[in-house]
Student: 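This is the structure, below, for whatever I ask next.
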Amino acid sequence: RAWRRVAARRLDIRPLRPHSGKSLEKNMSMAARRTIVGRIDGEILKFTAGDDIKLDLELVEADCIGSAAHATMLSRMKPPVLTPAEARRIVAALVSVMKAHRAGRFRIRLEDQDVHLAVELRLTAMLGDLGRRLHTGRSRNDQVATDLRLYGKAELLGVIEEASLLAESLLDMAARHLKTPMAGRTHLQPAMPATVGLWASAYAESLLDDLEVVAAAYRLNDRNVLGSAAGYGVPLAVDRVLTCRLLGFERPVRNVLHACHTRGKNESVILAALAQLMLTLSRLAEDIIIFVMPEFGYFEYPKEYGTGSSIMPQKVNPDAAELVRAKAAVVAQQAAMACEITRGLPAGYNRDLQEIKKPFMEGLASTRASLRVMTRLVRGLKPNETALRAGFGAGVFATDMALRLVSQGVPFREAYRRVKERLPELKAMDPDEAIAMRTHLGGPARLDIGGMRAAAGEWKKFARTRLERYHAAVSNLLGVKYPQLE
Ligand code: ARG
C-alpha cells in the first residue's frame, strides 16, 4: 500500500485527495473547484493544469512584463481602456508581484490553473476592479505565447553567450597546442598526421556554425505575438506595434492567426537549433571520453571533474562528458516532441501546445548546463605530449610517403600501390615535419584561429548588446531598473 502510494506520487497520478478505500465513487466525483473562469471538476482541473502549476513559476517575470506592456498599451489606444494613472498603478502592482515571486512569496494554486490567472487574481486582490480590467482585449493564448517568447529570448541570449565562451576555450586550447602532434583518425583508426590545434578548433568552428542556426531561431522568436488574442484579433484598436516596441521585440508577427500558429513551431525551431549545438557537444564529449582512457592517455582528465567509484578506489570517471552525450539525445527528442505535438493540430489554439512547455524549458536548461560543463572540461584538459606522439605509428605517414613519390613524378595510383606493397618496411617520419607541410587553408599548419576568435567575439557581442537592449526596454516599461527591480 505505502509503496504504491509512493509510486503514484512519483508519477504524479495520485488523486487529489487520497481515497479512503471505502468509496472510489466519491473520489470520482471529486468536488468541482471554483476558478476565475468558472467551476471545474477537480480531476479534470488537475489533469488540464498539469505541470503548469510548477513550470509557470518560470514564467512569472515574463508574464508580468507582458502584462505591463498590455496595460500601458490599453492606456494609449484610442479610445483608451485605462487612464495613464491606472496603467501606472497596474505596472507598479506587477513589479510588486515580481518582487514577491523573487522573495518566494508567489504561489500558483491549482484553482489558478496557470501563471496568467494567478497574476490576475493577485492584481485584483491588490487593485480591486482595476485588476479586473487588465485582461481587456487579450487571451491567455497570446499571453502565454508572449511569455514563452520573452523567456526564450533571454534564455537564447544565454545560450549564445555560453556557446561562444566554449568556442573561445577550444580556441585557447588550439592556440596553446597549435603544433602539438595528435594522430588524426578515421573509423577511429590512425589516419594522418594532425594536431591538437586542429582537433580543438574543429569543434570551435562547429559551434560557430551552430550559432548561426541558433541566431536564426533567435530572430524568429524575436517577434511580437501580443494582441493576437485568441488567434483572431479583437474589435478594439489594440496597438501591436506599440507593445512590440515596449517589449523590445524586433517586429510584430503580421497575421494574428499565424501568431497563434507560431506557438509550438517556435519552440520546435529553438529546440532543433539547440539539438544542433548538443550534437557538437556530444561528439566533443565522446572524443574526450575516448582520449582520456588510460589506453590512449592523450588528455589528462582533471581529477576534480571526475566522479569516483563507490567500490574501485582508482576511478576518475568522465561522467560529466557522458551525461552531456546523453542529454544530446534527450534534447533531440525534445525537439522531436515539439514537432510531433504541433504536427496534427487544426487551425487556431489547441491545448496540446501546453505539453510543449516542459520539453522547451528543459531543453534550454540542459543545453545551457551542458555548455557550461563542457567549457570547464575543455579548460581543464591537459594534453599529454608523450602519449600523443606515441600515437604516431609509421602507418600515419603512408599517404605522405605516397605523395613524396608523386612529387618525384610517379602517378598517385602507382605511388599508392608501391607504399602499400612495402607497408611493413614503412618508416615513421618526424610528426612535426609532416604537420608543418600541411600549409593549405584550414590545414594543421594554417588554422585561422584569429578569424574564429573574431567570430566568437562577435557572437558574444551579439548576445550582450541584445540582452542590454532588452533590459533597457523592460526597465523603461516597468519604470524600475531591470533586472535588478530597484
Ligand atoms: N496553460 C495554457 C497553455 O499553456 C494557457 C492557455 C490556455 N488557453 C486556453 N484556451 N485554454 O497553453
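Remember, it's 1-based here, ligands and their atoms both numbered in the order they're listed.
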Student: Quick one: side chain to side chain donor-acceptor pair (under 3.5 Å) partners of Glu58, sequence neighbours excluded?
Tutor: none

Student: Hey, are Lys357 and Glu267 close enough for a salt bridge, meaning a charged N less than 4.0 Å from a carboxylate O?
Tutor: no

Student: Sort out the contact shell of ligand 1: every protein residue with a heavy-atom distance below 4.0 Å, listed by chain and number.
Tutor: Asp52, Asp114, Arg140, Asn141, Val144, Arg263, Tyr349, Arg351, Gln354, Lys357

Student: Salt-bridge test for Arg132 and Asp129: reply yes if a basic N is under 4.0 Å from a carboxylate O, no otherwise.
Tutor: yes

Student: Which residues satisfy the ring-ring contact (aromatic ring centres under 6.0 Å, His included) test with Tyr218, sequence neighbours excluded?
Tutor: Phe462

Student: What residues form a ring-ring contact (aromatic ring centres under 6.0 Å, His included) with His258, not counting sequence neighbours?
Tutor: none

Student: Check this for me: does any side-chain nitrogen of one of Arg107 and Asp112 sit under 4.0 Å from a carboxylate oxygen of the other?
Tutor: no

